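A note on names: the letters A, B, ... follow the listed sequences, proteins ahead of strands, and every chain is numbered from 1. Basis for what follows: all heavy atoms, side chains included, without hydrogens, waters or symmetry-related copies. Remember, it's a predicted structure, so these values are computed and weren't measured experimentally.
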Amino acid sequence: MQSRRWFGGAGFSFADDQVTETLSQAIRGTGEELDREPDTGVLFGSLRGSVVGLRYYTGVVNKGEMVSLVRQPQNPYDCNAVMVANVYGSQVGHIKRELAVLLANIMDNNLARVEGVVPFGVTNQFTMSVVLSFWGREENRDAVLRQITSRSFKLQSGPTGTHTHTYSLLFVCVSFDLQAVCTPLLPHQKQALSWMCVCENNAALPHFWEVKGELFYNTLTHSSVRERPQRVRGGILADDMGLGKTLTTIALILSNFHHGKPLPKGKQSAPQEKVRHYTHPRPFDDCIIWCVCVSLGKSVVSPVEAASSQSTDDPAARATLIICPLSVLSNWLDQLDQHVRADVKLNVYLYYGSERNRDTHFLSSQHMVLTTYNVLSADYSGSASPLHTVSWLRVVLDEGHIIRNPNTQQSKAVLKLNTQRRWILTGTPIQNNLRDLWMLVAFLRLKPFDVREWWNRVIQRPVTQGDKTGLQNLQALVKCVTLRRTKASRVCGRPLVSLPERSVRIEEVELTQKEREEYELARTEGRTTISRYVAEGTVLRNYADVLAILVRLRQFCCNTHIWVKCVYTHTFCNFCSRLFSVTPAELRERLIMKLRLVLGTGSDEECAVCLDSVRLPVITHCAHVYCRPCIAEVIRSEQEQARCPLCRGQIKASELVEFPLEEEEEESNLLENWRSSSKVEALMSSLLRLRSEDDSIRSLVVSQFTRFLTILEIPLREEGFKFVRLDGTMNQKRRAQVIQEFQSDAPGSPLIMLLSLKAGGVGINLSAASRVFLMDPAWNPAAEDQCVDRCHRLGQKRDVVITKFIVKGSVEENMVKIQRQKQDLVEKAFGTKNPSERKTSRVDEIRALMEL
DNA sequence: ACCGCCGGGTGCC
DNA sequence: ACCGCCGGGTGCC
């Protein structure tokens, strides 16, 4: 098998797909190490070399095109061989032997990443030039330089040139009538629907492709392919929360079943029967779709190019698979009930629960199958996954930013689905980092950027390094697959939705003298510890302690009783000074304690590897918390040299400590010693005043600390408020009940919902509330916004008033300042900071918080 | 390959 | 003639 790959005599050309496929696999790697390569290396320099043997291969390259270099240690003619391939994985040639020795050495020892660009294109059939640039860690620069000069090559400084391009815009106007959806679509929803239909049926390639003679030319990578590149059939619907992404998607499913034709309406066809007859006029018969392509200042009006049916499409595929977080499953069912006409028989199957029907024929025969990311990845990890066997017409990822980390099982499972059309629904396409977007691009199979290398080289690195062209390329790329409107956007000069006003007021809370004394005591203690770390430069190494101190201060601002005394004494008196002079059992116990501290209090800690909130948390011996899969991947790839990404301390897989199964909290203890606090009083007086003024107004009371919510239950009961509670510990069924109860306008339904900030994050609709009390500031201002959006959304009839309680002269005031800076950053820099910058800004943040 | 390299043919100018 | 030079054959790794 292996030897065959390199077998080929003179004059023999490799045209067969098998080889091409193997090569592209070689470039892509196994998929296991997707996220490992650092994008942050520095450029050591570049040198000119030559590619030889062009006439034996079929890969096409153009002037300025990027190529990838793939080591071939098994090559029978030269174990130093370096193969050159174009963006599509077709082999172009080999690096000339003498140079290959050098590259092999550098690549095999991981001294630098080597990237190739073809400066002039192909001028003859035998050889061509290639500019090789070397990227790596600063500490490897000397070694690389030595390698290069010792073999009498010369490294030039500076990068190779890039090109700019302008892109044409696409405007689409559609008018049609939807018969199966009983809810009239708002103008912006119709616009989204028509855009989605065009994305699914239009065969035109994205604008960064140009037809040049017989070839297809990619203006971003400067590459050409003979085969028409597979276009994206789908896209990203990235509208703000509450603009009706769910409804629009339901309308899409009903109206665009096959090649722009709708689902049959009325009587349902038998499962096996192919749907050919439409008993009603098809909405698209009355549909006028015109594209106005504005290109270089000239307008051309042309009908949308009809979809050329691709031979690989399974014509029998008709089912749409919807994947969503558990928390919004019920929302889909509600919306279907609400918006689909009663006489439309839509086969919807909820693929959830242990009794789910795994029969693939059954699943294929549905119109819609609803499931969750967890069910999908659970199926995927087993043998023969039903969801991966079905040939889907369409897969929709709801809250698609869930899969932004490509290392997770969920993401891997999602990528392996077999479908013709792909959609991502998300309100927040970029949350932390540009990297978030890659996974979305990969899911959509936006060629060639679904291969990590091209994404990194054309988009990620240029943008991270502040290259304007990179940003333009990114915008062009995103634009061609994304529709994003905010509540402030306008259609035909009118706002998309006229939502009621939303105002924020900050209520400053004064601590009582006793509270102030306690707070100051804790603060002084914390400052001493942290300033020691700052002086030693060990803030990150002692991150868990620092967080613990901050959590403690933040909790003191709410109510001193949230703090669990025993944790405090252990953590601060024995533990923080020395880690290693204890027995393994003690160490383990203390690490678990820290882990609980970091997570259990509800602080929204993020994993420094995936930059997402921590999932499956583990703690290292140096007391840093990561997702287990993320840190396991680091250890797997770096083996014995594995170091903690935050403090560079040595880490081993065997020394990762997991969070033990959730123990029941001693709630009684919390309630027995109950005492009020200034913040509790401030909230209660607001609520009482509100009730006396208008007892129909409902409120969300939001905290990051679930224990604080528990504390608040006491005075609420005392004052006779009817309330419900929604937090992360509740299962889906319970959540749905609670939300329904709160949203219901039946007499005696609750006026208040106690909501944990995280649980209030995505998807749910709490439009019954028009008051939001944010009890404590969050690290991440976007989390607060998202939470407020639960009620400030479509369906909200009243003006929304948000009250933020901030304790005067406390860490909370500093958090608010940092929040503002973060907001600026997001607006300015598109939220693209690389992890090392993030880490330093973390230290700065901590110093700002503690006024050090 | 409008090269470099190899090796055979050749050999004053 | 154990050289230089010429020109044909040839050519990735």
Side-chain angles (χ1 to χ4, degrees), chain A residues 1-30 46-135 144 147-156 160 215 222-226 451 453:
Chain A
M1 238 337 232
Q2 280 282 317
S3 61
R4 219 180 122 206
R5 207 194 290 180
W6 317 122
F7 188 81
F12 184 88
S13 74
F14 285 113
D16 72 281
D17 293 345
Q18 201 187 341
V19 175
T20 318
E21 185 52 33
T22 326
L23 294 181
S24 52
Q25 275 169 11
I27 295 167
R28 275 157 226 241
T30 57
S46 54
L47 61 81
R48 174 81 65 80
S50 33
V51 183
V52 294
L54 302 191
R55 62 164 153 156
Y56 302 109
Y57 308 101
T58 55
V60 193
V61 269
N62 284 88
K63 181 172 154 69
E65 178 170 341
M66 295 177 165
V67 288
S68 65
L69 305 168
V70 183
R71 275 284 286 123
Q72 291 182 332
Q74 304 294 333
N75 188 308
Y77 302 98
D78 183 357
C79 62
N80 291 316
V82 177
M83 185 268 273
V84 179
N86 70 10
V87 175
Y88 296 91
S90 304
Q91 180 162 6
V92 175
H94 278 104
I95 293 291
K96 210 171 156 51
R97 201 181 207 112
E98 301 78 12
L99 186 54
V101 185
L102 170 70
L103 295 194
N105 213 308
I106 290 175
M107 292 166 88
D108 294 351
N109 291 310
N110 251 328
L111 293 175
R113 216 147 32 83
V114 191
E115 298 183 348
V117 171
V118 179
F120 314 119
V122 187
T123 52
N124 66 64
Q125 50 175 326
F126 304 101
T127 66
M128 66 177 175
S129 281
V130 61
V131 175
L132 302 169
S133 43
F134 297 80
W135 301 78
V144 171
Q147 286 287 339
I148 292 175
T149 44
S150 74
R151 284 169 218 272
S152 3
F153 288 98
K154 249 182 109 181
L155 197 65
Q156 316 282 320
T160 55
L215 299 174
H222 309 287
S223 62
S224 298
V225 267
R226 292 212 171 94
V451 174
E453 178 176 356

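Of all heavy-atom pairs spanning A/Gly116 and A/Val130, the tightest one is CA-CG2, 4.1 Å. Nearest heavy-atom pair, A/Lys63 versus A/His222, reported as atom, atom and distance to 0.1 Å: O-CB, 3.7 Å.
Summarising the geometry, the separation between CG on A/Asn124 and C1' on C/dC12 is reported as 13 Å, rounded to the nearest angstrom. One can place CG of A/Asn80 at 17 Å from P of C/dC12, the figure rounded to the nearest angstrom. To the nearest angstrom, P of C/dC12 lies 11 Å from CG of A/Leu54. In this structure, the CZ atom of A/Arg55 is 7 Å from the P atom of C/dG11, given to the nearest Å. Whole-Å rounding puts the A/Asp78 CG to C/dC13 P distance at 8 Å. For the pair A/Glu98 CD and C/dC12 C1', the interatomic distance rounds to 11 Å; values are reported in whole Å. As rounded to whole Å, 11 Å separates atom C1' of C/dC13 from atom NZ of A/Lys96. Straight-line distance from the CZ atom of A/Arg97 to the C1' atom of B/dC5: 14 Å, rounded to whole Å.
Atom name C1', nucleotides C/dA1 and C/dC5: the rounded distance is 12 Å, in whole Å. Nucleotides C/dC13 and B/dC2 have their C1' atoms positioned 25 Å apart, rounded to a whole Å.
Just one residue in the list A/Val51, A/Val52, A/Val82 forms a side-chain contact (heavy atoms from CB on, under 4.5 Å) with A/Lys96, and that residue is A/Val52. For the side-chain contact (heavy atoms from CB on, under 4.5 Å) criterion with A/Leu103, the lone passing option out of A/Ile148, A/Ile95, A/Asn80, A/Asp108 is A/Ile95.
B/dC3 is paired with C/dG11 under the criterion used here, namely a Watson-Crick or G-U wobble arrangement in which both key atom distances are under 3.5 Å.
Looking at the side chain of A/Phe126, the nearest of the listed nucleotides C/dC12, C/dC13, B/dA1 is B/dA1. Which of C/dC12, B/dA1, C/dC13 sits closest to the side chain of A/Thr127 comes down to B/dA1. In the set B/dA1, C/dC12, C/dC13, C/dC12 carries the atom at the smallest distance from any side-chain atom of A/Tyr56.
Base orientation of B/dA1: anti (glycosidic angle beyond 90° from 0).
With sequence neighbours left out, the side chain to side chain contact (heavy atoms under 4.5 Å, CB included) criterion links A/Arg97 to A/Asp78.
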